[in-house]
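We number each residue from 1, following the sequence as shown. The basis for the numbers below is simple: all heavy atoms, side chains too, and nothing from hydrogens, waters or symmetry mates.
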Amino acid sequence: MALGLSNMNMLNILIIVLIAAWVIYRVYQYAMCKKYANIITEEEFTQGMRKAQVIDLREKNDFDRGHIMGARNVPLTVLKQRYVEIRSDLPVYLYDQGMMLSTRASKLLGKKGYSDISILKSGYARWTGKTKTKKY
């Protein structure tokens, strides 16, 4: 019985450590995001997107299934090679399905000297504005 209780305590400790690590990682990601970018609402995104470069960081197949009208597809997986296609003298509006890819992209672009970076808070998953789908 004592052995079973010990294993149960170890399992509880492991779960607590994993949850704590996940929380620390999320706080770190949020801090990095705030360091390099502004997190903006859909309304703010819509108001400023005509003067900005709107970049969809999802893979091409997701982009083709539907994207924000006027967005350009530069998947995060190739951003290191293609970031030079994005002008550093204009605002950059990033989005993906949520905010995970945008956070990583803002850090990469920020380190490359981009200073006016914004991230769509709700991501494409909750976007209610105009969209475009590729016709097959």
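Taking a 6.0 Å sphere around CD of Q81, one finds it holds more than 12 heavy atoms contributed by other residues, nucleotides or ligands.
Put simply, the side chain of K134 reaches to within 4.5 Å of the side chain of K60, judged on heavy atoms. Residues R104 and L79 fail the side-chain proximity criterion, which asks for heavy atoms closer than 4.5 Å. Side-chain contact check for E42 versus R126: every heavy-atom pair is 4.5 Å or farther apart. Using a 4.5 Å heavy-atom cutoff, the side chains of S106 and K35 are not in contact.
In the hydrophobic clustering of this structure, L76 does not group with V78; members are Ile, Leu, Val, Met, Phe, Trp, Tyr whose side-chain heavy atoms approach within less than 4.5 Å, directly or through other members. Criterion: ILVMFWY side-chain heavy atoms under 4.5 Å apart, direct or through other members. Under it, V84 and V92 are part of a common hydrophobic cluster. Cluster annotation: I15 and V23 are assigned to the same hydrophobic cluster (Ile/Leu/Val/Met/Phe/Trp/Tyr, side-chain heavy-atom contacts under 4.5 Å, transitive).
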For a quick test of your reading: what N or O donor-acceptor pairs under 3.5 Å do the side chains of residues 114-122 make, sequence neighbours left out?
| residue | atom | partner | partner atom | Å |
| --- | --- | --- | --- | --- |
| Y114 | OH | Y83 | O | 2.8 |
| Y114 | OH | I86 | O | 2.5 |

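G66 and T133 get closest at one heavy-atom pair: CA-OG1, 4.1 Å. When all heavy atoms are compared, the tightest approach of Y93 to M49 is CE2-N, 3.6 Å. Closest approach of F63 to R72, counting heavy atoms only: CE1-C, 4.1 Å. The minimum heavy-atom distance between E59 and T77, with the atom names listed, is OE2-OG1, 2.8 Å. The minimum heavy-atom distance between Y36 and G110, with the atom names listed, is CD2-CA, 3.5 Å.
With rounding to the nearest 0.5 Å, the separation of CG in L14 from CD1 in I19 is 10.0 Å. Rounded to the nearest 0.5 Å, atoms CG (L94) and CD (Q53) are 9.5 Å apart. Separating the CE atom in M99 from the CD1 atom in I39 is a distance of 3.5 Å, to the nearest 0.5 Å.
Of the possible polar contacts, none joining the Q97 side chain to the R58 backbone as a donor-acceptor pair under 3.5 Å is found.
Screening D62, I68, L57, D96 against Y124 for a side chain to side chain contact (heavy atoms under 4.5 Å, CB included) leaves a single residue, I68.
Below 30°, between 30° and 60°, or above 60°: for W127 and F45 the angle between ring planes is above 60°, a perpendicular geometry.
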